[in-house]
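This report refers to the structure that appears directly beneath it.
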2 protein chains.
Amino acid sequence: MTKLFDGIEEKDKETLFKCFNAVKKSFFKDEIILEPEQKIDSVIYVSNGCIKIIKDDFDGNKIIIDTIKKGETFAEAVVCSGIKKCPNFVYAQTDATLYFINIEKILNPCTEACLFHKKLLQNLVKSISEKNLFLNQRIELLTKKSLRERILIYLDKYKQKNNNKIFEIPHSREEMAQYLGVNRSALSRELCIMKAQKLIDFHKNSFSILTN
Amino acid sequence: MTKLFDGIEEKDKETLFKCFNAVKKSFFKDEIILEPEQKIDSVIYVSNGCIKIIKDDFDGNKIIIDTIKKGETFAEAVVCSGIKKCPNFVYAQTDATLYFINIEKILNPCTEACLFHKKLLQNLVKSISEKNLFLNQRIELLTKKSLRERILIYLDKYKQKNNNKIFEIPHSREEMAQYLGVNRSALSRELCIMKAQKLIDFHKNSFSILTN
DNA sequence: ATAAATCTGTTGCACAAGCAACGAAAGAAA
DNA sequence: TTTCTTTCGTTGCTTGTGCAACAGATTTAT
């Protein structure tokens, strides 16, 4: 995935942040950064630490939407779409330092000659587009009716990514179930059936697909 | 939804197309415009007619992904993401005239003084972002386990859009089922049960939610 | 090392929803 | 009008998967 500041060096970031009048804020572990419905008009850059985005279901279920790590940004789509209301809770997973960069500053040419502005805009477009494709893939998966189909699509994705017979998945079973939109124990059951039928093999998070 | 040329007048479009060296092509009804895996590096503007994007399932199921009408563009996300391979079939639903606009031309500042370039870039970012949010909403819906929940989320969406007790939905039952990721007859069954339980009411495509 | 907590697999049960097949209603065509 | 086509509702049957509850395994904390 392309990041907003890809291809821009650390020292140049400083220049950009100044040019953008970016606001620096620090948060302690578990502190709330944003709440649902809160107004937001900035892309947020994680300079240090790690934050998590959590969806609070009506039913009280808390689902981790995403984890944003050092050097990454988030909220691009929300602020660029003009909605400008935070759809989820955002917590600090660790102590964290963030930069809030007003989106208007990014979208409008800077008065000073700002060399990296063009690159930044292109990164913005590219990263949102990539996210878009990712979401499309997930929708395709979620519209499959059988759990087995979903599992196979999921595994195939990580097989291609690792490009190896044996590959690692980055999720726990619970997370995987969440991604596939199914019940954890049902997932566990189906995985074991597939293993018994010699369709796949796995040990912990190492998987392989046994096609003939 | 924001369109790529929102806020840009017809006569100015001409200027832009020239500035971009856009390629004009015409297609007859049912002609194939793009095939899966085909290389693509242009955003496509539908100047006349109407085209449809169709996903060809391994199983042979054909699913209409989207319909693009006169004045709209498509393929933004694919070409901006750098994938640059068409993921689906694209057909002409009617006779159609299209403009192919190379994405590099859009992303890079024009040598000539092109007044609308900035606006165009901002539209691009906004429209992809909006699409992004739309996809997120759909994912949220698709991860609901019960059909009833999905129906209610779906209806609520169109209720808010129409902002009226009685509102229209833009899908046939088959399309609605496809959007919800469920079986059509199961959808029909559940809708009627909900009507019997006085949770909702509907006649053809007019719906209302009977909350107390 | 021991205890506590978390993660993963296992199983029985219930039921929501898939599927197929058909008929009624509505709309289009002749 | 009549006929054909498409859409929608209806129903019986079947099954995949949700859910709950527990057990074993693994990891983390004390």
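Source: prediction; values computed, not measured. Proteins get letters first, then strands, A, B, ... in listed order; numbering begins at 1 in each.
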Length of the line joining [X]:[atom1] and [N]:[atom2], which is rounded to integer Å:
X        : N      : atom1 : atom2 : result
A:Leu180 : D:dG16 : CG    : P     : 18 Å
A:Glu174 : C:dT8  : CD    : C1'   : 11 Å
A:Leu191 : C:dT11 : CG    : P     : 15 Å
A:Glu149 : D:dT17 : CD    : C1'   : 15 Å
B:Glu175 : D:dT7  : CD    : C1'   : 11 Å
A:Arg173 : C:dT8  : CZ    : C1'   : 7 Å
B:Gln197 : C:dA16 : CD    : C1'   : 14 Å
B:Asn205 : C:dA26 : CG    : P     : 14 Å

Among the nucleotides [options], which one has an atom lying closest to any side-chain atom of [X]?
X        : options                : answer
A:Lys145 : D:dT26, C:dC19, D:dT17 : C:dC19
B:Cys192 : D:dC8, C:dT8, D:dT10   : D:dT10
A:Ala186 : D:dT10, C:dG18, D:dG18 : D:dG18
A:Arg189 : C:dT11, D:dG9, C:dG9   : C:dT11

- request: Describe the nucleic acid contact of A:Ser188 in one word from base, sugar-phosphate, nothing, applying a heavy-atom distance below 4.0 Å.
  value: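 If one applies the 4.0 Å heavy-atom cut-off, A:Ser188 turns out to touch a base.
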message: By the 4.0 Å heavy-atom rule, please label B:Ser185 as base, sugar-phosphate, or nothing.
response: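 Counting heavy atoms under 4.0 Å across all strands, the contact made by B:Ser185 includes a base.
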query: Is the backbone N or O of A:Asp6 less than 3.5 Å from a side-chain atom of A:Asn123, with the two atoms forming a donor-acceptor pair by type?
result: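 It does hold such a pair.
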query: Taking the side chain from B:Lys195 and the backbone from B:Phe202, do they hold a donor-acceptor pair closer than 3.5 Å?
result: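 Yes, because the side chain of B:Lys195 sits within donor-acceptor range (under 3.5 Å) of the backbone of B:Phe202.
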task: Could you tell me whether the side chain of B:Thr67 reaches within less than 4.5 Å of the side chain of B:Cys50, counting heavy atoms only?
output: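 Contact flag for B:Cys50/B:Thr67 side chains = yes.
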field: Distance test, side-chain N/O of B:Lys204 to OP1/OP2 of C:dG27, below 4.0 Å
entry: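 Checking C:dG27 against B:Lys204, a side-chain N or O does come within under 4.0 Å of OP1 or OP2.
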message: Quick check on C:dC19: is either OP1 or OP2 less than 4.0 Å from any side-chain nitrogen or oxygen of B:Asn183?
response: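 For C:dC19, OP1/OP2 do have a side-chain N/O of B:Asn183 under 4.0 Å.
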field: Upstream residue (5' side of DNA chain D) when A:Arg184 and A:Arg148 are each assigned their closest nucleotide
entry: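 By nearest-heavy-atom nucleotide position, the 5'-most residue is A:Arg148.
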Test side chain to side chain donor-acceptor pair (under 3.5 Å) applied to A:Gln160 and A:Asp156, A:Asn163, A:Asn164, the passing residue: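 Filter result, single survivor: A:Asp156.
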- prompt: Charged N to carboxylate O under 4.0 angstrom, B:Lys13 versus B:Glu10?
  reply: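 A salt bridge is present here (some side-chain N lies under 4.0 Å from a carboxylate O).
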